[in-house]
Amino acid sequence: MEPLSRRNVLILGAVGTAAVVTGGIVLWSQTQGGSPAPPGTRSANPSPTESQAAGSSGTLREPEVLTSADGRLDLTLTAALTDVTVAGAQVRALTFNGSLPGPTLRVRPGDRITLAFRSELDAPTNLHTHGLVVSPEGNSDNVFVMIEPGATFEYEYQLGDDHPPGLFWYHPHHHGNSAEQLFGGMFGAIIVEDPGPIEVARERLLLISDIAFDATGDLHVASAIERMLGREGDIVMVNGQTGATLVAQPGERERWRVVNACSSRHLRLRLDGQRLQLLGIDAGRYAEPAEVDEIVLLPGNRADLIVTAVEGSSVLRTLPFDRGSMGGMGRPQSATTGADLLTFTAAGVSSPATAPVPAQPSQRDLRREPMTGHRTLTLAMGGPGGIGGMAFTIDGKEFDEARVDTEIAHGALEEWTLVNTSTMDHPFHLHVWPMQLIEVDGVPIAGTDWRDVVPVRARSSTVVRIAFEGLTGRTVYHCHILDHEDNGMMGVVRTA
Ligand code: CU
Ligand code: CU
Ligand code: CU
């Protein structure tokens, strides 16, 4: 087994080790059971400087939080074109309940979410609860539902008692306009509480998205080329804000839950000068938090991150990322540009030194289990078909919701080799059943790494293992560059 190259480690999310830990080592204590409020939420425990600064325009705002009670969360989400302010300009974006991002849903394993989706849009839509392990059928997380303009649809999501804790999110998933609607602003976070919450000074939610407008403040309409490359906006926001600030005291430990809600943009995040420990990507948890100085989030990925404040001011940046080109001489590149996202300042009295982060609950490792099946799925770009003569296919076929591409016997343990013959990266998302990352570009993964969006780099392959247990039903897998999904790079899987 050759060691991970830097390139591959980049793909996998965690890069390198923190060079020096200069800040105080800070406490990661277990909560004394039965704490009623999630510890570390901002309302419960705002940072002292920040609470004074709250309301000043520069402080990072967080979306409204809707919390379940007695096992239930009932809400209405209204999707509409709304006047909002983005980067200081009055513009019109697509929002849920008038805000960008939409509300955060905070629930526990075993809860039932009842969600009335009201569409005031002028195009069909629907909703996907990305990463949630809930039924893909009926009025649950069913991407085949179509909600017509002006209509209301009642969703109901039943979380199992053993639902994994972590950060999830919601966004539209109607084939043909999912990229446009996500890019327009329709997304929000779902948090499933930890059974034993990790104690931190405060918890923060960072939904990172990009967007673009024309000169009159209307949403940018993507060109054919942009739809082939995957559209990226020139404005990169955190919770709908640009240039926001965060403050903490040196030594304080914070939990950051970070979503890449961009429709195509890959994030390569750094917060130089601060100590970062990655608990896991998506709902996965590493056996031990990984000391990192860079995190790659593909579209749809989330990071569950511990930030320990080190005195000084640091900028959260996303760095350029080369995700390939359309191939051939002079064909456009899809290189993602970098951007400054926010400023984090640690100042004032140091927090007392504390204990190291405890080990996390161990996760299942499918490398130790015999597989009942192996499959290869091939992601490709080429003519004829699609847009501009460029078809986006899986196993040579563009998406057809009437066809089942992959039939799975319930209980199967399968190894899938995802082959990308094209010149662009295609981050691969499977609904309902998480994937254990086994190998990327020929390099085996160290440790147990569960995700629901995995990298499949240009002219490369990725191996994952999947346990098709628990839920059954018909759903999809696809490239999470949503323009590619809209262009056909999606297949139907049925587990029965
Ligand atoms: Cu998604
Ligand atoms: Cu793609
Ligand atoms: Cu999807």
Side-chain angles (χ1 to χ4, degrees), residues 101 125-134 136 140-145 167-179 181-183 186-190 207-209 226-232 259-266 281-283 297-302 321 323-327 334 336 377-382 386-387 390-394 398-399 401 418-435 451-460 462 473-493:
T125 190
N126 65 15
L127 196 70
H128 171 43
T129 52
H130 181 128
L132 277 194
V133 182
V134 293
S140 183
D141 184 22
N142 182 348
V143 295
F144 303 106
V145 161
L167 175 61
F168 307 87
W169 65 299
Y170 59 84
H171 63 80
H173 205 301
H174 184 262
H175 179 65
N177 54 20
S178 60
Q181 292 179 349
L182 172 61
F183 188 80
M186 291 169 65
F187 57 89
I190 303 169
L207 287 141
I208 302 175
S209 66
E226 288 172 309
R227 288 164 58 212
M228 285 189 268
L229 292 172
R231 72 191 73 189
E232 295 195 13
V259 183
N260 183 355
C262 300
S263 46
S264 311
R265 178 182 289 270
H266 290 40
I281 296 286
D282 299 340
L297 292 183
L298 310 173
N301 273 150
R302 292 85 67 202
F321 188 102
R323 56 185 181 85
S325 74
M326 293 211 298
S334 55
T336 292
L377 277 69
T378 302
L379 313 178
M381 286 160 49
I387 48 167
M390 180 75 80
F392 288 76
T393 60
I394 298 180
E398 292 182 299
F399 174 67
E401 76 161 82
L418 309 168
V419 177
N420 180 356
T421 61
S422 80
T423 51
M424 288 182 69
D425 295 7
H426 299 295
F428 182 87
H429 176 44
L430 170 65
H431 288 214
V432 180
W433 301 277
M435 297 172 281
R451 301 176 180 216
D452 55 48
V453 177
V454 297
V456 191
R457 300 221 65 182
R459 297 200 185 286
S460 176
T462 293
R474 192 171 74 104
T475 188
V476 292
Y477 46 75
H478 58 90
C479 175
H480 213 292
I481 292 174
L482 288 188
D483 280 297
H484 294 175
E485 179 264 288
D486 284 335
N487 288 333
M489 194 175 276
M490 177 154 71
V492 175
V493 56

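Whatever order the structure lists them in is the order used to number ligands and atoms, beginning at 1. Start at 1 with the first residue, then count along the sequence.
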Criterion side chain to side chain contact (heavy atoms under 4.5 Å, CB included) on Val492 and Phe399, from CA distance to verdict: CA-CA 8 Å; Val492 175; Phe399 174 67; 3.7 Å; yes
Qualifying residues under side-chain hydrogen bond (donor to acceptor under 3.5 Å, both in side chains), relative to Thr393, sequence neighbours excluded: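 If we apply the side-chain hydrogen bond (donor to acceptor under 3.5 Å, both in side chains) test to Thr393, skipping adjacent residues, there are no hits.
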Whether His128 and His130 hold their rings parallel, tilted or perpendicular, with breakpoints at 30° and 60°: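 Taking His130 first and then His128, their aromatic rings sit tilted (interplane angle of 30° to 60°).
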Residues His175 and His478: side-chain donor-acceptor under 3.5 angstrom: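 Result is no, nothing qualifies.
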Contacts of Val134 that satisfy side-chain contact (heavy atoms from CB on, under 4.5 Å) - sequence neighbours left out: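 Partners of Val134 under the side-chain contact (heavy atoms from CB on, under 4.5 Å) test: Thr129, Leu132, Ser140, Asp141, Tyr157, Leu159.
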Stepwise side-chain hydrogen bond (donor to acceptor under 3.5 Å, both in side chains) check, Asn177 with Asp486: CA-CA 6 Å; Asn177 54 20; Asp486 284 335; over 6 Å; no
Identity of the N, O or S atom of His426 lying closest to the Cu ion (ligand 2):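 The closest N, O or S atom of His426 to the Cu ion (ligand 2) is ND1.
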His484: its N/O/S atom lying closest to the Cu ion (ligand 2) (atom name):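 Closest N, O or S atom of His484 to the Cu ion (ligand 2): ND1.
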Nearby protein N/O/S atoms (those under 2.8 Å) for the Cu ion (ligand 3), with water ignored: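 The answer is His173 NE2, His431 NE2, His478 NE2.
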Listed partners of His484 passing ring pair (Phe, Tyr, Trp, His ring centres under 6.0 Å), at least two apart: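 Expected list: Phe392, His426.
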